[in-house]
Amino acid sequence: MKKTGPVPARLAALLAVLGLMFIGGDLTHRPPLALWAMEPFALPYRLPEILVANDGRRVTDASTWWSVRRPEILELFRSQVYGRMPIRPVTFEVFDEDREALGGTAVRKQVRVNFTDDPSGPGMDLLIYLPARAPQPVPVFLILNFRGNHAIHSDPAIRITPSWMKDSVGVIDNRSTEAARGSRSYRFPVEKILARGYGLATIYYGDLDPDYDDGFKNGVHGAFDSGTRTPESWGSIAAWAWGLSRGLDYLETDPEVDGKRVMAAGHSRLGKTALWAAAEDERFAGAFASGSGCMGAAIGRRMLGENIADINRRFGHWFCDNFHQYNFREHDLPVDQHQLLALIAPRPVYLASAELDLWSDPIGEFQAARAAAPVFELLGAAAPGQAFPFKYPPNLHEPQMGALGFHIRGGEHDILDYDWDCFMDFADRIVKPSRP
Ligand code: GTR
C-alpha cells in the first residue's frame, strides 16, 4: 500500500503547523501532530487481499462474499488469533427492576445470567439503564466494563460484583468495596446516553474471565472447557466477546429493548472485544470501538505502537495459542485487522482514537477502515468509493462518517464524553432512536 507522502514534505507541514500554533491558530481542529511525527516510523506493508478467495478467485458479488470469502477470513481469525468460542445456552433471572431510577429519568434492570443450570454457579450481572417512558423499544449500547457495574455510576442500587478484580481505588485484596461505587462514572455518561434515546447495558468483564494468566482455569474457560486445550482454544478476548453475545441473548427477550438495534461497544482491550463480538455474532447492529489498537482495529503490519510480540508478552492469555507463533512475524499472519472490520460489514463500525494514544496507532486504525471499505461497498452499505472516502486522517475533533466512522480526539487513551457524542451521532444515522 502507498505511504502517505515523502518524509520531508510531512516535516515541512509539521513545522508549518507548529508555526501556526505560535501565532495562534485553531488548536481544537489542528492536525494530529503527534501522529504525524510518528508516521515515518511505520513499516511499509502489503495487506492480505480482502476480496480474493484462498483459491485465487476475485470476489465481485455479495453472495461469494457470504458463502466463500467471509467464512475463510472468519476461520483464520478463529484459528490463528482469538480462538473458538463454544455454543452454550444460558438462563436469566431479573433480580432488580426500578422504573423510577436516576431521579425518574431511567428504568434500571439488573439481570443475573447463569452460565450453567446451577443458579449459584458461574454467571454474570447485566446492568441495564433505559430511558424512562420511551415510546417504543430502544436501541442499546452493550459495553463491557473494567471495574464492575457498580463503578459506572454512583446509583446505590447497583450490585457490587463479588468477582476477582485487580486492586485499585476501592478494591482491596482483589475484591471491590463500596468505596469503588461510581469510581469510573466519567467513562459512562449514562444520563446523556438516555437523553438521546439510547439505552446502556453493561457487564463486568471479570465476571466472564478474570484478566490474568492462570492457565485458563477460572472464568468461563474453567466452567466449560474439558480435556486439554488445543492451539485453537479460546483466549480471554473470545471469552469476553462470548459474554457480550450472552448479554444480547437477554436483551433480545426484553420487550423494552429493540433486539435488532443492539450495538457492541468497548474501550481498549474491550474495544478489541467489541469488534470480535460483532464479527462473530451477526445479530449485533454495529460495533463501536475506542482505542482498540493492536489486534483491534489497527493494521498490524505497520508495526507502529504495540506489536504482536508486545501484546503476547504481557497479555498472551487474550489469544489462542496459535497466535503466539507470530511474534515479530506480523507479515506471516494470514490476516490483518482491516479484515476484522470487514467481517462486521455491512453493519456500521465506528473507531474512536486519541492523538496521544500512540500505543494504539490511530493512523493504523484509519488505514484499516480505508482498506475494509470495499467490502462495505460490495454489500451495499455505500455507493462505490463512498464507504470511507477520506484521504488522510482528519484534524482533531473532525469525525469522519461513511459506512465506517473514525475520529481523533485530543488527549490520551481513554473513553470520554466526546467519544460517546460521536458514537451517538454516528449511531443516529443508522438506528434513529426516538427521543424520550
Ligand atoms: C494496554 C495494552 C493494549 C490495550 C490496553 C487496555 O496495556 O497493551 O493492547 O488493550 O492495555 O486495555 O487498557
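In each ligand, atom 1 is the first atom listed, and ligand 1 is the first ligand listed. In what follows, residues are counted from 1 in the order of the sequence shown.
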Which of the atoms of ligand 1 are close to Ser268, meaning less than 4.0 Å from one of its heavy atoms?
4 (C), 5 (C), 6 (C), 10 (O), 12 (O), 13 (O)
Please evaluate residues His221 and Trp234 with respect to the criterion ring pair (Phe, Tyr, Trp, His ring centres under 6.0 Å), reporting the C-alpha separation (whole Å), side-chain torsions for both, the decisive distance (0.1 Å), and the verdict.
CA-CA 8 Å; His221 299 105; Trp234 54 338; 4.8 Å; yes
For Arg314, the atoms of ligand 1 under 4.0 Å from one of its heavy atoms are 7 (O), 8 (O)
Which pair of non-hydrogen atoms, one from Leu333 and one from Met295, has the smallest distance, and what is that distance?
CD2-CE, 4.2 Å
Got a salt bridge between Asp254 and Lys109, using NZ or NE/NH1/NH2 to carboxylate O under 4.0 Å?
yes
Can you find an N/O atom of Trp318 closer than 3.5 Å to an N/O atom of ligand 1?
no
Applying salt bridge (Lys or Arg N to Asp or Glu O under 4.0 Å) as the test, list every pair that has at least one member in residues 222-249; sequence neighbours left out.
Arg84-Glu232, Asp225-Arg229, Arg246-Asp249, Asp249-Arg283
Considering only non-hydrogen protein atoms, determine which one is nearest to atom 8 (O) of ligand 1 and report residue, atom name and distance to 0.1 Å.
Glu306 OE2, 2.5 Å
Ligand-residue contact atoms, ligand 1 with Trp359, heavy atoms, under 4.0 Å
2 (C), 8 (O)
Shortest protein heavy-atom distance from atom 11 (O) of ligand 1, along with the residue and atom involved:
Arg269 NH2, 3.0 Å
Does Arg187 come within less than 4.0 Å of Asp414, counting only side-chain N to carboxylate O?
yes
Judging by distance only, is a nitrogen or oxygen of His267 under 3.5 angstrom from one on ligand 1?
no
Among pairs that include at least one residue of residues 156-186, which meet ring-ring contact (aromatic ring centres under 6.0 Å, His included), considering only residues two or more places apart or in two chains?
Trp164-Tyr212
